[in-house]
Amino acid sequence: MKRTIGVLALQGAFAKHMEVLESLGADAVEVRDPEDLIGIEGLVIPGGESTTMSKMLVRWGLIEPVRNLIQGGLPVFGTCAGLILLADHLVNWDDLPRPAGLNITVARNAYGRQIDSFEAALDIELPGIPELSGMPFTGVFIRAPQIQLEPLGDDVEVLCRFEGLPVLVRKGSIIGSTFHPELSGDNRLHAWFLNDVVGSAGVGQRAG
Ligand code: GLN
């Protein structure tokens, strides 16, 4: 079944997400204003600059509609800056307008200047997803945020840790990663989002 997945395309690293989703057989659509949300079955919020993305979300009247859809159960995958926009709590930036929805606490740019970008082999085990077991996933971290250990909602599952901190989390149909899964040349996480998270989110559930 061909899935229609919106990719927030205001700023940042959206093109590569679209490419990966299309390579998996999905119909990826660019989301720039509220009308673009109509008919999507899932949404990707890419990495980039969260402050710029936030400004554009406000300008295009997207915060409320996106928040409402997420609260209504629309599957969403926020990566890096996208995760920042999904966090309920932000260290030092808590007034940043954003859709939120994930009861996590995120510190922006928390790996510091000296290691703005790095790659790490991540062990991700997802029950029922054998493709992710056994072969590490290369996490590409670019001026990445950190998810703090507290407060971290009881309803938030930590799916992967790096150096003790969560780097991939899930609350129901809301998924967030501090790394860029679209840049590793490995489509397993997108496939999981598409098949498992979107696939089990209620038959034919579409925004609109
Ligand atoms: N440092 C960026 C921010 O705080 C996030 C970086 C990224 O998305 N790769 O918004």
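What you see is a predicted model; the values in this text were computed from it and never measured. For this chain, numbers begin at 1 and follow the sequence in order.
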* Reported CE-to-CG distance for the pair Met53 and Leu10, which is rounded to 0.5 angstrom -> 7.5 Å
* Sub-3.5 Å donor-acceptor pair from the side chain of Ser54 to the main-chain atoms of Ser50, do we have one? -> no
* Asked: Between Phe118 and Phe162, does the ring centre distance come in under 6.0 Å?
  -> yes
* Less than 4.0 Å between a side-chain N and a carboxylate O, is that true for Glu131 and Arg188? -> no
* To do: Decide yes or no for Pro99 and Leu57: does some side-chain heavy atom of the first lie under 4.5 Å from some side-chain heavy atom of the second?
  => yes
* Asked: Could Arg108 and Trp93 be counted as a cation-pi pair, given that NZ or CZ must be under 6.0 Å from the ring centre and within 45° of the axis?
  -> yes
* Please determine, by modelled atom types, if Ser133 and Glu125 share a side-chain donor-acceptor pair under 3.5 angstrom. => yes
* Residue from Ile147, Thr79, Ile124 passing side chain to side chain contact (heavy atoms under 4.5 Å, CB included) with Leu168 -> Ile124
* Asked: Under 4.5 Å between side-chain heavy atoms, hopping through other hydrophobics if needed: is there a path connecting Phe14 to Val140?
  -> no
* To do: Indicate whether the side chain of Ser23 and that of His190 have a donor and an acceptor atom separated by less than 3.5 Å.
  => no
* Per the side chain to side chain contact (heavy atoms under 4.5 Å, CB included) rule, which among Leu159, Val158, Leu165 passes with Arg161? -> Val158
* If you measure from CD on Gln146 to CD1 on Ile104, what distance do you get to the nearest 0.5 Å? -> 12.0 Å
* Over 60° means perpendicular and under 30° means parallel, so classify the ring planes of Tyr111 and Phe141, tilted if in between. => perpendicular
* Asked: Can you list the residues that meet the side-chain hydrogen bond (donor to acceptor under 3.5 Å, both in side chains) rule with Arg170, with sequence neighbours excluded?
  -> none
* Asked: Going hydrophobic residue to hydrophobic residue with side-chain gaps under 4.5 angstrom, can you get from Ile45 over to Leu37?
  -> yes
* Asked: Side-chain heavy atoms under 4.5 angstrom apart, residues restricted to Ile, Leu, Val, Met, Phe, Trp, Tyr: same cluster for Leu152 and Val91?
  -> no
